[in-house]
Amino acid sequence: AAEGSSRQALGREAFVARTAQFVETTGGEILNQLKSIGASADWTRTANTHTEQMSAAVTEAFVRQFEDGLVYRGHRVIHWCPRCMTSLSDEEAEFNDTQGALYHIRYRLADDPSRSITVATTRPETLLGDVAVAVNPTDERYADLLGKLLVLPINGVRIQVIADDYTDAEFGTGAVKITPAHDPNDFEVGMRHNLATPVIMDAEARMNGAGDAIDRVPPELRGVDRFEARERIVNMLRDTGALVKVEPHAHAVRHCYRCDTVVEPRLSDQWFVKMAPLAKPALEAVRTGRIRIMPERWEAVYINWLEGIRDWNISRQLWWGHRVPVYYCDACGAAPKASRTTLTTCDCGAPLRQDEDVLDTWFSSWLWPISTLGWPNESSADLKAFYPGDVLVTAPEILFFWVSRMIMSGFHFMGDAPYHTVYLHGTVRDMQHRKMSKSLGNGIDPLDVVKLYGADSLRWTMIAGMGLGVDVLLDPTDLEKSFAPGRNFLTKLWNIGRFLLTKVGSDPVQPLSAIAPSALTIADRWILDRLDAAIADANAALGPVRPGASGRWTDAERTQGMRLDAYADAGRRFVWNELADWYLESVKPRLSAGGDDADVARAVLVHAFDNALRLLQPVIPFITETLWAKLPALGDASHRGAEFLCTSAWPEARPSSANGDAFELVRNATLAIRQVRNEYKLKPGKFIEVTLVPSPADAAAAPSLVETIGALTRASVSLLPAGDAQAAHQVLPGGSEIVIALTQLRDELSADDAAKEAARLRAEIDATQKILDGVRAKLANESFTSRAKPEVVEGARAQARDLAQKVDALTRKVEAL
RNA sequence: GGACGCGUAGCUCAGCUGGUUAGAGCGCUGCUUUCACACAGCAGAGGUCCGGGGUUCGAGUCCCUGCGCGUCCACCA
C-alpha cells in the first residue's frame, strides 16, 4: 500500500514475488538483530516455511490428513474479514469489548397486523436476511404464535415463527431473529429447521444479495456499506414505527487480528481440520507431566482451550502462503482430489483446477519442530538426533495459535511431544504497561540499546528483570533508567578483571587443587563457600533441566526452576557484594606483601573469578568471554579445559567445602567500626585505635583477623579480654565487641553533639528493648518452643542473647557519654 | 458471563512448604575523588506488606470478603 499498489493490481504471481522479496529482507534484519544480541544458534540451519522441503512437509501433512478424513471441506458460517477479504480462524478473530446498542424491532403478523413479535438485535441491518424468529419452546408468551408468518419490515419478506432451545427466554424480548447466512448460531438453528440461507452482503460487507436474495435488499440500499446500512435501516424502522426502542448494550465483538476490522460472519466453503482426535494426546501430555507449561497457571488455560476445541478453519482467501493441494474437475464432477504432486489432467481427460485458497500460516508453523528436521522423511538423521527437543520459549499470546498445535502435530505425526517444557515469558512493555508498538511510538530498537549500552547490558536487563511470567517494564523515553544498572554491573565486572590483570597479570597461577587446604586463610575459605552457595543458588533457580528417567515431570518438579531473575541475581550478588566488596578488599594487603600467601590469594582469586565468569556466561556472553581471553592466568590450560569460555564447563561446587564462617567477624567488626566512624564524623583519613573483645566463639579466629579488619577500616585493631567503659561500644552479632576509646572521638564532638548522641542512643536502647521483650515473650510461650522447628527456636534464643548484649553495651555507652 | 493473576519502600520488583528486627535495583540524604571501579566506595533515611474479617502460639505468606488493576476464555441475540 505504501508503494501505491495492491495485491489485486499486481496480480497473483507478481504479488507473491514481491512478498517473497520483502520476507527475505525483513527476515535478514531479524537474524541480524538476533546475532547482535548474541543469540547462540547454528546459523547454517536457518529455515523458513517456504522452501521446497518445508512446503513438501506442509503438503504431506494436508494430504495425509485429507486421506484420514481429518481435513474436510465445510459449508458454514465462518469469521470473515471484509478488508483482508479472507476467512479467519477462531483464534484470529479476537474479541474486543464494544459499546453497542440493542435494537428492539417489531415484526407484525402477516394475517393480523395488530399482533406482533418484538425481537432484539445488535445488528439490525441483517434483518434483510432473516428467515425466521425463534422463541424458546417453553415460553408461553409466544406459544400461540408458533408457525405463524411474520412480515419483515423494510423488505416485506414473510418469515415463520419457530421454537428452538437456542433462544433464552430471559434475554431481550425472548424472541430472536434468525439470519442463517450471517450468524454462526443462526446457521445452526437454520440447519435444525431446514431453513433457507439468503446472503444479503457481499465479500466487502456491502449490502448486496447473492442470487435470488438480491430481492431482499431494497434498491436504495444496494452496495451500501454495512455500518452505513445499519444507520439507514434504523432510521427507516423508526420512520415506520417498527423500532420499539434502542438501549445501550456493551458486548464483545470479534475483530480481525491483522487489521482490527470488525469481523463479518460469512457463509462459505472452507477447509477444516477435525481437532478432537488431535487434542486428545495433547491434553494427556500436560495432564500426565510429559509436558509442563510455565508459569503453571497457563496449564489450566491450555487444558480449558483443548477441552472445548472446535474445528480449525485452515483455508484463507489470500495469495501468500501454501496453496491448498486440492484439485477439482469442472467437467466430470469427480470428487476433489488432494495430491502431493501437481495434477493437471483429470481421469476424464479434462483439465484440473487447483483450489485457489492458501493455508493458514499456522498450518505450516505447527509442523515446525518436525519439518525443520526433515519430516516427512522419517529416516532423517536430524529427526532421529534432535526430536523431541527440550524447551519451547515463547510468548503466551501464541499458546493456542502455535504452541498447542505444535504439540498436536508432534503427537499426530511423530507420536511424541516436540518438547517437555513450554516456558511462557513476559512481555516487554512501557512504563504505562502498554505493549510496545509502532503506532504508539513507544518501542525500543534493540540495536539502539546495543549501540549505547552493549548487547550484554540489554541481555542482563531482560534476563535479570524477567520474573517467571512477569512482564518487563522499560522506559522508551529514558533508556538510562532501564539499562544503566545492567551496564554498571558489567563495568564492575570489567574493573574486577582489570584488578586481576594488574595483580596477577599473565603470570601462571596455581590451580586451586594444587593449594594445600591448610594454606587457605579464613577469607579464602569464606569466598570459596560463597562461591559454592552462588552456584547452588543458580542451579536451584534454573531448576531441573529435564524430567527424570520416567520422562515425565513429577508434580514437584514441574513448578521448579526457570527463575532467570534469581539465577542472574545469584551471580550478581556473588560478584559484587561478596567477591568485589569483601574478598577483593581484604586480599589487597596479602597481594602486596607477596610470598607464598600471595600465591594462595591469587589462586583463590583466580578460581573465584573464573567460576563467576562461567556462571554468568549465558547471560552476558560477550564481556565474560573477553575477560576470559584477556586473563590467560585464569588457571593453566588443563585447568581451563576449553578454548572458549562458552564451551567451558558449567561451574561445580567443590566436593568438600571448608568452613569460612569465621570471616563473619571481619564483616561485622568492619561494619561496626565504619558505623562509629560515620557516626562520629571522623575524617576518612583519620587513623584510630580499636580494641576487639572477642567472644569465646570468635576467640580462636580473632588474632588472624585483626589485621584485615584494620586494613578495611583504617584502624589499628588490638585484642583485649575485657571491655572499657570509657568507649564507644558495639556488640557484634556473634557476641564479640568492638571498643573504641572515646578520647579519639571526643575532640570531634561538641557537648551539644554528645547530648544529642546520648538521646539518640537512648531511643535505640528503647527500640532494641522492645524487640527483645517480644522475643522473650515468644520464648516464654510454650506453644512456640514446643511446636516451632528446633532451628527456629534456637534462632530466637540466639537473637535474645544478642539483643540483651546490645542493650547492655548501648547502656554502657550512653552512660559514658 | 466464566476462569486466572496482581496490589510489599517514591518507582520497578524479590520474598519457597506460615517462624529471627520484611529485602534488591533505581531514586533520595550525608561523607569520600584511598593506587580495579565516581557507570564507584562508605554510612543512612524511607514500609499500617490495598481495606475488613477469620484460622493459628505466630500471617506479607493460609481462608473468606470488599475495593482497585490486569490477563485469558466465551454463540446470550
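The side chain of A/V470 has B/rA14 as its nearest neighbour among B/rA14, B/rC37, B/rC42. When each of B/rA36, B/rU56, B/rU21 is scored by its nearest atom to the side-chain atoms of A/R787, the top-ranked nucleotide is B/rU56. Side-chain atoms of A/R572 lie closest to B/rG25 of the nucleotides B/rG25, B/rA36, B/rA43. Residue A/Q675 has its side chain nearest to B/rA43 when only B/rG19, B/rA43, B/rG15 are considered.
The CH2 atom of A/W582 sits 8 Å away from the P atom of B/rC42 (whole-angstrom rounding).
In a base pair of the Watson-Crick type (N1 to N3 plus N6-O4 or O6-N4) or a G-U wobble (N1-O2 and O6-N3), with each distance short of 3.5 Å, B/rG68 is matched with B/rC6. Base pairing of B/rC31: its partner is B/rG41, meeting the Watson-Crick or G-U wobble criterion (both donor-acceptor distances under 3.5 Å). Of all nucleotides present, only B/rG54 satisfies the Watson-Crick or G-U wobble test against B/rC62, with each distance under 3.5 Å. Of the nucleotides present, B/rU12 is the one that pairs with B/rA24 by Watson-Crick or G-U wobble criteria, both distances under 3.5 Å.
Seen from the ring of A/W460, A/R572 does not count as a face-on cation partner, given the 6.0 Å and 45° thresholds.
Note on A/T502: nothing from the nucleic acid sits closer than 4.0 angstrom, heavy atoms only. Note on A/A580: a base of the nucleic acid sits closer than 4.0 angstrom, heavy atoms only.
Rounded to whole Å, the separation between the C1' atoms of B/rG27 and B/rC11 comes to 8 Å.
Other residues, nucleotides and ligands contribute only 12 or fewer heavy atoms inside 6.0 Å of the CD atom of A/E782. Within a 6.0 Å radius of CD in A/Q432, more than 12 heavy atoms belonging to other residues, nucleotides or ligands are found.
Remark: aromatic rings of A/F401 and A/Y257 are close, center separation under 6.0 Å.
When the side-chain nitrogen and oxygen atoms of A/W460 are compared with OP1 and OP2 of B/rC39, none of them lie within a distance under 4.0 Å.
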Practice prompt. Summarise how protein sits on nucleotides 69-77 of chain B as a single string, 5' to 3': B when a protein heavy atom is under 4.0 Å from the base, S for sugar-phosphate-only contact, - for no contact.
Written response: --SSSBBBB
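Note: A/H249 and A/F171 have perpendicular aromatic rings, judged against thresholds of 30 and 60 degrees for the angle between ring planes.
Counting only residues at least two apart or in different chains, salt bridge (Lys or Arg N to Asp or Glu O under 4.0 Å) contacts with residues 293-302 of chain A comprise A/E299-A/R558.
In the interface, the side chain of A/R487 is paired with the base of B/rC39 through a donor and an acceptor atom under 3.5 Å apart. For B/rC37, its base sits under 3.5 Å from the side chain of A/K492 at one donor and acceptor pair at least.
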